[in-house]
Amino acid sequence: MQYLVDPKQTEFQSEIKRLDGDQVQFADTIIYPGGGGQPQDHAWLTQGDQRFDIQAIDDTNTYTLDHPITDHVTPIFQHINGAQRQQNCQYHTLLHLIAAIASKAGAKVSSNQIAQDHARIELQFESAELAEASPKNNLQRLCMRRFKPKLKCLRAWYNATPWPMNLNMSAH
């Protein structure tokens with residue numbers, strides 16, 4: 001899995017392992033299939049002048065394409081949107097850092113998710129006392145102080161219910 005070896009790689013030629021109509025599986029791939037709250041890469045294939053958009057990726061790394069590959073000779077290249085990959089990696093790191101800060105305030109992560117334009121993390125405190133002792137504003141200030149210098153724009157907002165705290169961050 002080339003995406004683990006070189007996450008900055010945006011183009012890769014790979015051999016077809018299995019081909020069945022609009023379903024294709026490769027010997028190796030740069031395309032992150034998604035998982036753990038992180039979305040799959042926006043990816044496509046090219047073969048000569050033809051483009052194949054990837055509609056879905058299953059748990060065996062079989063890709064469903066928008067139309068079948070009929071040429072079994074011309075090399076196929078995998079492509080990913082590098083800017084989207086980089087943003088997802090930054091959100092992923094940001095969520096880990098927020099989780100570390102929150103753990104010092106007595107909170108544990110109950111869920112998180114990376115979306116196209118923001119990341120969400122839900123924090124669960126062990127008790128109401130810990131939750132009340134760690135007001136949302138203090139956690140937000142701490143996160144902003146730690147991350148704002150590194151990001152062009154960082155916004156944080158919360159859901160309407162006080163606990164569990166749902167912290168959404170976006171960075172552009």
Side-chain angles (χ1 to χ4, degrees), residues 1-103 108-123 143 146-157 159 166-172:
M1 305 218 193
Q2 288 294 311
Y3 59 83
L4 295 173
V5 175
D6 182 5
K8 293 184 179 183
Q9 189 173 11
T10 59
E11 184 178 299
F12 180 70
Q13 182 180 345
S14 185
E15 294 180 29
I16 293 177
K17 184 175 168 182
R18 188 179 67 76
L19 181 62
D20 183 18
D22 65 352
Q23 306 278 308
V24 64
Q25 194 175 48
F26 292 99
D28 205 353
T29 184
I30 61 167
I31 303 166
Y32 180 70
Q38 187 167 327
Q40 75 181 42
D41 283 329
H42 176 252
W44 62 96
L45 309 174
T46 58
Q47 185 182 45
D49 292 338
Q50 269 201 308
R51 177 182 166 127
F52 302 86
D53 288 322
I54 296 173
Q55 305 296 307
I57 304 173
D58 72 13
D59 58 355
T60 65
N61 277 340
T62 299
Y63 305 108
T64 302
L65 308 176
D66 61 341
H67 60 281
I69 295 172
T70 55
D71 178 349
H72 300 272
V73 178
T74 306
I76 295 181
F77 290 87
Q78 302 170 0
H79 305 268
I80 65 159
N81 179 325
Q84 183 233 10
R85 161 82 63 84
Q86 182 179 10
Q87 179 176 296
N88 287 348
C89 289
Q90 288 175 341
Y91 280 145
H92 184 214
T93 301
L94 180 65
L95 289 173
H96 280 289
L97 293 171
I98 292 169
I101 290 169
S103 72
K108 294 182 179 177
V109 175
S110 57
S111 72
N112 66 63
Q113 182 179 21
I114 297 171
Q116 186 173 6
D117 63 345
H118 72 281
R120 179 195 59 77
I121 187 168
E122 186 173 290
L123 305 174
C143 288
R146 295 286 258 173
F147 305 128
K148 185 73 170 178
K150 306 267 190 239
L151 302 170
K152 289 186 235 168
C153 173
L154 177 65
R155 295 178 300 160
W157 65 95
N159 65 349
N166 192 1
L167 175 64
N168 291 280
M169 312 284 299
S170 70
H172 304 282

Applying side chain to side chain donor-acceptor pair (under 3.5 Å), can you list everything that pairs with Thr60, at least two apart in sequence or on another chain? Asp58, Thr62
Min side-chain heavy-atom separation Trp44-Asp66 under 4.5 Å: no
Using 0.5 Å steps for rounding, measure from the CD1 atom of Ile76 to the CD atom of Gln50. 9.5 Å
Thr29 vs Ser14 side-chain heavy atoms within contact, under 4.5 Å: no
So Ile31 and Tyr63, side chain to side chain contact (heavy atoms under 4.5 Å, CB included) or not? Walk me through it. CA-CA 10 Å; Ile31 303 166; Tyr63 305 108; 3.7 Å; yes
For Ile114 against Pro39, the heavy-atom pair lying closest together: O-CD, 3.4 Å
Evaluate side chain to side chain contact (heavy atoms under 4.5 Å, CB included) for Asn88 paired with Tyr32, printing each intermediate quantity in order. CA-CA 11 Å; Asn88 287 348; Tyr32 180 70; over 6 Å; no
Give me each pair satisfying salt bridge (charged side-chain N to carboxylate O under 4.0 Å, His left out) with a member in residues 85-97, each pair once, sequence neighbours excluded. Asp41-Arg85
Salt bridge (charged side-chain N to carboxylate O under 4.0 Å, His left out) contacts in which one or both residues fall within residues 87-102, not counting sequence neighbours: none
If I compare all heavy atoms of Phe52 with all of Pro68, which pair ends up nearest, and what's the gap? CE2-O, 3.4 Å
Counterpart residues, side chain to side chain contact (heavy atoms under 4.5 Å, CB included), relative to Ala115 (two or more places apart): Asp117, His118
Does anything in residues 7-20 pair up under salt bridge (charged side-chain N to carboxylate O under 4.0 Å, His left out), and if so which pairs, sequence neighbours excluded? none
For Gln40, side chain to side chain contact (heavy atoms under 4.5 Å, CB included) partners two or more places apart: Ile57
Ignoring hydrogens and angles, tell me if any N or O in the side chain of Gln47 forms a donor-acceptor pair with the backbone of Asp71 under 3.5 Å. yes
Option among Gln78, Arg51, His79 that satisfies the side-chain hydrogen bond (donor to acceptor under 3.5 Å, both in side chains) test with Thr46: His79
Minimum side-chain heavy-atom gap Leu65-Ile54 below 4.5 Å: yes
